[in-house]
Amino acid sequence: MMLMLVVAIQDVLDGKYEEKSLTIRGWIYRKRESKQTIFLLVRDASGVVQCTVKRDNPSWTQAKKVTIESSVMLEGTVKHDERAPGGYEIAVENLSIIGLAEVFPITEYKSEEFLRNVRHLWLRSRRMNLIMKVRSEVLRFIHDFFKKEGFVEVSPPMFISSACEGGSTLFGLKYFDKQLYLTQSAQLHLEALIYSLEKVYCVAPSFRAEKSRTIRHLTEYWHVEPEWAFADMDDLMRFEENLLSYICHKTVKNCKKEMESLTVDISKLVAVEAPFPRITYTEATERLNSKGFKIKWGEDFGYDEEKALAEDFGKPFFVYAYPRQIKAFYCKTYRDNPDLVMSTDMLVPRIGEISTGGAREDDKEELLRRLKKLGLREEDYDWYIDLRRYGTVPHVGFGLGLERLLTWMLDLENIIDAIPFPRTIRRFYP
RNA sequence: GCCGCCGUAGCUCAGCUAGGUAGAGCGGCUGGCUGUUAACCAGUUGGUCGUAGGUUCAAGUCCUACCGGCGGCGCCA
């Protein structure tokens, strides 16, 4: 038996194999029959190519039999043909069916609800294929950037024994005969690691039992979190804007085809340029109130307020220096104004917050005061307080929601499409 | 936690306002078609109308409860 060249479909479409005999492997994407010719559109991980089977060819019988989504291996000759989508097609000489598919449930008309029910099959769609490729690349750029900046990737625990912030949004679970929780942020554990490694980061899932019913919430999402010793708020914001610029520019460059096929408007990504606008919470409040909102100083912004600000800027920006009472216990206060904390959110149009970060309280007595004031039990945070007992240092960190970032970058209508198997308040199958 | 919307064939929906024999398109199957672009033409197949009660001579349609789903707010990344 002659050994045939097995190639990726995208390479055929790129014209690398004109008039060559070769083998492709994949799945039947579309099938159209006429009297003399059966047209098989075959997809693999890389793309879709049209293959033609003629009536007088021995593979005609197999081609008659094959169904949508059957897995196949076929041999044939690449022809340049303007009538074929993509300009190239394969004249089939031999077709073998690997797995004959039953009638595939996904057809032309489909509702959101149905596609969510058959998510495990919908992942085969061109759209999900492209989104997952971009997601993979974005992850790679994130890792590249952190490594370039000297950060060490670490692996925090998912099981935790006490809350990071409040307890209400934690998923509890039975851990032998004890009560544990799924982590909602790696921050506290990352803070412990900076005393060894100084600059650390992780990309890991976070779990939130928030009963949120919106297009920008998942109960399980991937969280990009660094912690950085001996750094301040200015370092933090500069780092974040450089990271986002890097991701956007690399994605535009390396995922050109995918972005085109997904009809993403890349101009907003090209336009991302450090430095980003920065406004304080107080300035943001004044700005909003001049537009007709009625925010009292000390109140947090809702989604409407975030959207109004974001539309004003039309690009990513920071809000920083928030009132102490609306932020978590670990936020460091400004020493010249203890009503304010060194906390910053990065916001983007349409989505709102994609990251929250800031300086962490590094003074032990101050941290204890904050814990007490918020009614948190000191003994639950004993190990965390140790970090201020033994060689405390000023440090900063942030958390970036990977799926929110992708939703913004790819203009996704719903965050669920930024992850293969989304978990929401109502969805956990398949 | 609060508010709104949806549930009829494998899929997408109409039918409900004003109660009276369960409909269409897609898909499947059969046949036709000179190269199709999720083709086209003809025929055919296909139903616990989400579930349980109630009103009524009669309920897919009206009422109540429940179940499932989607979205908005709040909360957050």
Side-chain angles (χ1 to χ4, degrees), chain A residues 28-41 43 48-55 63 67-69 79 81-87 89 91 102-118 121-122 125-126 164-166 168-170 183-187 203-225 240 299-307 326-328 344-348 351-357 398-408 413-416 418-419 424-429:
Chain A
I28 303 295
Y29 184 62
R30 304 271 186 269
K31 179 181 177 180
R32 289 183 282 272
E33 293 182 62
S34 74
K35 188 86 174 172
Q36 299 301 328
T37 314
I38 295 172
F39 298 90
L40 300 174
L41 271 69
R43 63 169 183 87
V48 183
V49 70
Q50 174 163 293
C51 304
T52 58
V53 182
K54 294 292 182 184
R55 197 179 195 100
T67 50
I68 300 285
E69 286 304 313
K79 306 282 182 193
D81 194 319
E82 287 304 331
R83 295 171 297 185
E89 66 182 23
E102 296 176 25
V103 177
F104 199 62
I106 299 175
T107 56
E108 182 174 4
Y109 303 106
K110 65 266 177 188
S111 64
E112 273 295 316
E113 181 175 359
F114 180 68
L115 293 179
R116 291 180 195 195
N117 289 340
V118 293
L121 303 177
W122 179 238
S125 65
R126 297 307 300 156
C164 177
E165 304 180 28
S168 59
T169 61
L170 286 164
T183 185
Q184 56 179 197
S185 165
Q187 181 196 322
V203 181
S206 279
F207 306 91
R208 304 251 167 128
E210 293 157 359
K211 292 183 176 171
S212 307
R213 312 191 49 84
T214 81
I215 56 161
R216 53 188 190 284
H217 283 86
L218 294 167
T219 52
E220 177 186 62
Y221 68 96
W222 285 73
H223 211 169
V224 178
E225 295 179 280
E240 279 198 65
E299 287 175 355
D300 207 354
F301 303 136
Y303 184 49
D304 286 343
E305 287 81 21
E306 285 180 6
K307 262 200 305 204
I326 58 173
K327 291 289 175 180
T344 178
D345 290 353
M346 184 160 67
L347 294 91
V348 297
I351 311 300
E353 285 175 54
I354 62 168
S355 112
T356 294
F398 66 88
L400 170 73
L402 178 64
E403 289 80 12
R404 282 197 181 173
L405 173 64
L406 287 165
T407 303
W408 173 69
E413 278 175 29
N414 191 311
I415 196 167
I416 65 167
I419 189 166
T424 65
I425 180 169
R426 290 282 185 228
R427 292 277 178 183
F428 34 80
Y429 174 94

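We name chains A, B, ... by the order of the sequence lines, and we start the count at 1 in each one.
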Enquirer: Any idea which of B:rG35, B:rC11, B:rA77 is nearest the A:H217 side chain?
Expert: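 Nearest to the side-chain atoms of A:H217, counting from C-beta on, is B:rA77.
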
Enquirer: Closest to the A:F39 side chain: B:rA77, B:rG35, B:rC73?
Expert: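 Ranking B:rA77, B:rG35, B:rC73 by closest atom to the A:F39 side chain puts B:rG35 first.
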
Enquirer: Base, sugar-phosphate or nothing for A:T107? Non-hydrogen atoms, less than 4.0 Å.
Expert: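 Base, at least one base heavy atom under 4.0 Å.
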
Enquirer: Using a 4.0 Å heavy-atom cut-off across all strands, classify A:D300 as base, sugar-phosphate, or nothing.
Expert: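 Contact class for A:D300: sugar-phosphate only.
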
Enquirer: Taking the same atom, P, in B:rU12 and in B:rG27, what whole-Å distance lies between them?
Expert: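 Rounded to whole Å, the distance is 15 Å.
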
Enquirer: I would like to know whether A:Y221 and A:R404 meet side-chain hydrogen bond (donor to acceptor under 3.5 Å, both in side chains); could you show each step before the answer?
Expert: CA-CA 9 Å; A:Y221 68 96; A:R404 282 197 181 173; over 6 Å; no

Enquirer: In whole Å, what is the span from the CG atom of A:N117 to the C1' atom of B:rC70?
Expert: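 About 12 Å, once rounded to whole Å.
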
Enquirer: Roughly how many Å apart are B:rU45 and B:rG10, using the P atom of each and rounding to a whole number?
Expert: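 Nearest-Å result for B:rG10 against B:rU45 at atom P: 16 Å.
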
Enquirer: Please examine the side chains of A:F301 and A:D345, heavy atoms only from C-beta on, and report whether any two atoms are closer than 4.5 Å.
Expert: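 When only atoms from C-beta onward are counted, A:F301 and A:D345 do not touch, as no gap falls below 4.5 Å.
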
Enquirer: Between A:N414 (side chain only) and A:I416 (backbone N and O only), is there a donor and an acceptor less than 3.5 Å apart?
Expert: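 Checked: pair present.
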
Enquirer: Which part of the nucleic acid does A:G302 contact within heavy-atom distance under 4.0 Å: base, sugar-phosphate only, or nothing?
Expert: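 Sugar-phosphate contact only - A:G302 comes under 4.0 Å of backbone atoms but never of a base.
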
Enquirer: With side chain to side chain donor-acceptor pair (under 3.5 Å) as the test, pick out the partner of A:T169 among A:K211, A:Q184, A:E210.
Expert: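 Only one of A:K211, A:Q184, A:E210 forms a side chain to side chain donor-acceptor pair (under 3.5 Å) with A:T169, namely A:Q184.
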
Enquirer: Which part of the nucleic acid, if any, lies within contact of A:I215, taking any heavy atom under 4.0 Å across all strands shown: a base, the sugar-phosphate backbone alone, or nothing?
Expert: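 A:I215: backbone/sugar contact only, no base atoms under 4.0 Å.
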
Enquirer: Closer than 4.0 Å, any side-chain N/O of A:S206 to the OP1 or OP2 of B:rA77?
Expert: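 No.
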
Enquirer: Could you give the NZ-to-P distance, from A:K31 to B:rG35, as a whole number of Å?
Expert: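 In whole Å, B:rG35 P and A:K31 NZ are 16 Å from each other.
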
Enquirer: Under 3.5 Å for both donor-acceptor distances, Watson-Crick or wobble: does B:rG1 have a partner, and if so which one?
Expert: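 Base partner found: B:rC73.
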
Enquirer: Taking all non-hydrogen atoms of both residues into account, name the closest pair between A:P205 and A:E220 and its distance.
Expert: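 Reported closest heavy-atom pair: CB-CG, 4.4 Å.
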
Enquirer: Within this structure, what is the CD-to-P distance between A:E299 and B:rC75, rounded to whole angstrom?
Expert: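 The answer, rounded to whole Å, is 10 Å.
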
Enquirer: Tell me the closest heavy-atom pair linking A:E403 and A:T407, and the distance in Å.
Expert: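 Closest approach of A:E403 to A:T407, heavy atoms only: O-OG1, 2.6 Å.
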
Enquirer: Of the nucleotides B:rC11, B:rG35, B:rA77, which has the atom closest to the A:D81 side chain?
Expert: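 Nearest to the side chain of A:D81 among the choices is B:rG35.
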
Enquirer: Does A:S212 get its side chain close enough to the base of B:rC75, under 3.5 Å, for a donor-acceptor pair?
Expert: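 Looking at the base of B:rC75, it does pair with a donor or acceptor on the side chain of A:S212 (distance under 3.5 Å).
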
Enquirer: Would the base of B:rU36 count as contacting A:Q50 through its side chain, where contact means a donor and an acceptor less than 3.5 Å apart?
Expert: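 Per atom types, the contact qualifies.
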
Enquirer: With stacking defined as ring centroids separated by under 5.5 Å and planes differing by under 30°, is A:Y221 stacked against B:rA77?
Expert: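 Given the distance and angle limits, yes, they stack.
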
Enquirer: What's A:I354 touching, base or sugar-phosphate or nothing? Going by heavy atoms closer than 4.0 Å.
Expert: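 Counting heavy atoms under 4.0 Å across all strands, the contact made by A:I354 is with sugar-phosphate only.
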
Enquirer: Over all heavy atoms of both residues, which pair between A:V203 and A:W222 is shortest? Give the atoms and the distance, please.
Expert: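 In this case the closest contact between A:V203 and A:W222 is O-CZ3, 3.7 Å.
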
Enquirer: Identify each atom pair where a protein N or O and an N or O of nucleotides 32-34 of chain B are less than 3.5 Å apart, giving names and distance.
Expert:
{"unit_1": "B:rC33", "atom_1": "OP2", "unit_2": "A:K35", "atom_2": "NZ", "d": "2.5"}

Enquirer: Which whole number of Å gives the distance between the C1' atom of B:rC11 and that of B:rA52?
Expert: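 After rounding to an integer number of Å, I get 27 Å for this pair.
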
Enquirer: Taking pairing as Watson-Crick or G-U wobble with both contacts under 3.5 Å, can you name the mate of B:rG25, or confirm there isn't one?
Expert: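 Partner of B:rG25: B:rC11.
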
Enquirer: Using both distances under 3.5 Å as the test, list the Watson-Crick or G-U wobble partner of B:rA18, or none.
Expert: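 Partner of B:rA18: none found under 3.5 Å.
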
Enquirer: Rounded to the nearest angstrom, tell me the gap between atom CD in A:E112 and atom P in B:rG7.
Expert: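 Interatomic distance, CD of A:E112 to P of B:rG7: 17 Å.
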
Enquirer: With nearest nucleotides of RNA chain B determined for A:L41 and A:K211 from heavy-atom distances, which residue corresponds to the more 5′ nucleotide?
Expert: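 Closer to the 5' end of RNA chain B: A:K211.
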
Enquirer: Classify the side chain of A:E102 versus the base of B:rG10 as yes if they form a donor-acceptor pair under 3.5 Å and no if they do not.
Expert: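 Under the 3.5 Å cut-off, the side chain and the base do not form any donor-acceptor pair.
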
Enquirer: Below 4.0 angstrom, N of the basic side chain to O of the carboxylate: do A:R83 and A:D81 qualify?
Expert: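 Salt bridge: yes.
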
Enquirer: Just checking A:R83: base, sugar-phosphate only, or nothing, at a heavy-atom cut-off of under 4.0 Å?
Expert: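 Here A:R83 touches the bases of the nucleic acid.
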
Enquirer: Tell me whether the OP1 or OP2 atom of B:rG68 has a side-chain N or O from A:R426 closer than 4.0 Å.
Expert: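 Result: no.
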
Enquirer: In whole angstrom, give me the gap between the C1' atoms of B:rC62 and B:rC40.
Expert: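 After rounding to an integer number of Å, I get 45 Å for this pair.
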
Enquirer: Please state whether the base of B:rG71 and the side chain of A:R213 form at least one donor-acceptor pair under 3.5 Å?
Expert: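 A donor-acceptor contact between them is present.
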
Enquirer: Assign A:E413 to base, sugar-phosphate, or nothing according to its heavy-atom contacts below 4.0 angstrom with the strands shown.
Expert: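 Here A:E413 touches no strand at all.
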
Enquirer: Starting at atom CD1 of A:I425, determine the distance to atom P of B:rG68, rounded to an integer number of angstrom.
Expert: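 My rounded result for the distance is 12 Å.
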
Enquirer: How close or far is atom C1' of B:rC76 from atom CG of A:L400, stated in whole angstroms?
Expert: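 Result: 14 Å.
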
Enquirer: Can you tell me how far P in B:rG7 sits from the matching atom in B:rC63, rounded to whole Å?
Expert: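 Straight-line distance between the two P atoms is 14 Å.
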
Enquirer: Could you work out the separation of B:rG20 and B:rC66 based on their C1' atoms and round it to a whole Å?
Expert: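 My reading of the C1' atoms in B:rG20 and B:rC66 gives 29 Å.
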
Enquirer: Taking CD1 from A:I68 and P from B:rC29, how many angstroms apart are they, rounded to a whole number?
Expert: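 So the two atoms are 11 Å apart, to the nearest Å.
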
Enquirer: What closest approach, in Å, do A:L405 and A:L400 show between heavy atoms, and which atom pair accounts for it?
Expert: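 Scanning both residues, the minimum pair turns out to be CD2-CD2, 4.2 Å.
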
Enquirer: Answer yes or no: is there an ion pair linking A:R55 with A:E33, defined by an N-O contact shorter than 4.0 Å?
Expert: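 Here A:R55 does not pair with A:E33 in a salt bridge, since their nearest N and O are not under 4.0 Å apart.
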
Enquirer: How many whole angstroms separate atom OH of A:Y429 from atom C1' of B:rG68?
Expert: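 After rounding, the gap between these two atoms is 15 Å.
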
Enquirer: With both distances kept under 3.5 Å, what pairs with B:rG35, Watson-Crick or G-U wobble?
Expert: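 Base partner found: none.
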
Enquirer: Taking only N and O in the side chain of A:R116, is any of them less than 4.0 Å away from OP1 or OP2 of B:rG69?
Expert: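 No, no such contact exists.
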
Enquirer: Students often get this wrong, so: under 4.0 angstrom with heavy atoms, is A:K79 touching a base, only sugar-phosphate, or nothing?
Expert: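 Nothing: the residue A:K79, judged by heavy atoms under 4.0 Å, touches no strand.
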
Enquirer: Are any of A:R216's side-chain N or O atoms less than 4.0 Å away from OP1 or OP2 of B:rC73?
Expert: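 For B:rC73, OP1 or OP2 has a side-chain N or O of A:R216 closer than 4.0 Å.
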
Enquirer: Counting the atoms with a prime plus P, OP1 and OP2 as sugar-phosphate, which does A:P85 contact under 4.0 Å by heavy atoms, base, sugar-phosphate, or nothing?
Expert: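 If one applies the 4.0 Å heavy-atom cut-off, A:P85 turns out to touch a base.
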
Enquirer: Using the P atom as the reference point in each nucleotide, state the distance between B:rC67 and B:rA24 in Å, no decimals.
Expert: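 Between the two P atoms, the distance is 36 Å.
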
Enquirer: Are any non-hydrogen side-chain atoms of A:T344 and A:T356 less than 4.5 angstrom apart?
Expert: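 No, their side chains stay 4.5 Å or more apart.
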
Enquirer: If you look at every strand shown and take non-hydrogen atoms under 4.0 Å, does A:E113 touch a base, only sugar-phosphate, or nothing?
Expert: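 Sugar-phosphate, no base atom in range.
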
Enquirer: Could you tell me whether the phosphate oxygens of B:rG71, OP1 or OP2, come under 4.0 Å of any side-chain nitrogen or oxygen in A:N414?
Expert: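 Answer yes for this pair, as a side-chain N or O of A:N414 is under 4.0 Å from OP1 or OP2.
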
Enquirer: Could you please name the partner base of B:rA58, counting Watson-Crick and G-U wobble pairs only when both distances are under 3.5 Å?
Expert: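 When the pairing criteria are applied, nothing turns out to pair with B:rA58, so the answer is none.
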
Enquirer: Side chain of A:R32 only, please: which of B:rC73, B:rC11, B:rU36 is the nearest?
Expert: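 Out of B:rC73, B:rC11, B:rU36, the nucleotide with an atom closest to A:R32's side chain is B:rU36.
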
Enquirer: Under the 6.0 Å and 45° cation-pi test, does A:R216 pair with A:Y303?
Expert: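 Yes, A:R216 sits over the ring of A:Y303.
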
Enquirer: What's the gap between B:rC73 and B:rA65 when it is taken at their P atoms, as a whole Å value?
Expert: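 Those two atoms are separated by 27 Å.
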
Enquirer: Determine the contact category for A:F104: base if any of its heavy atoms lies under 4.0 Å from a base atom, sugar-phosphate if only primed atoms, P, OP1 or OP2 are that close, otherwise nothing.
Expert: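 No contact at all - A:F104 keeps every heavy atom at 4.0 Å or more from the nucleic acid.
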
Enquirer: Taking for each residue the nucleotide of RNA chain B with the nearest heavy atom, is it A:T424 or A:W122 whose nucleotide lies nearer the 5' end?
Expert: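 Looking at the nearest nucleotide for each, A:W122 comes out on the 5' side.
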
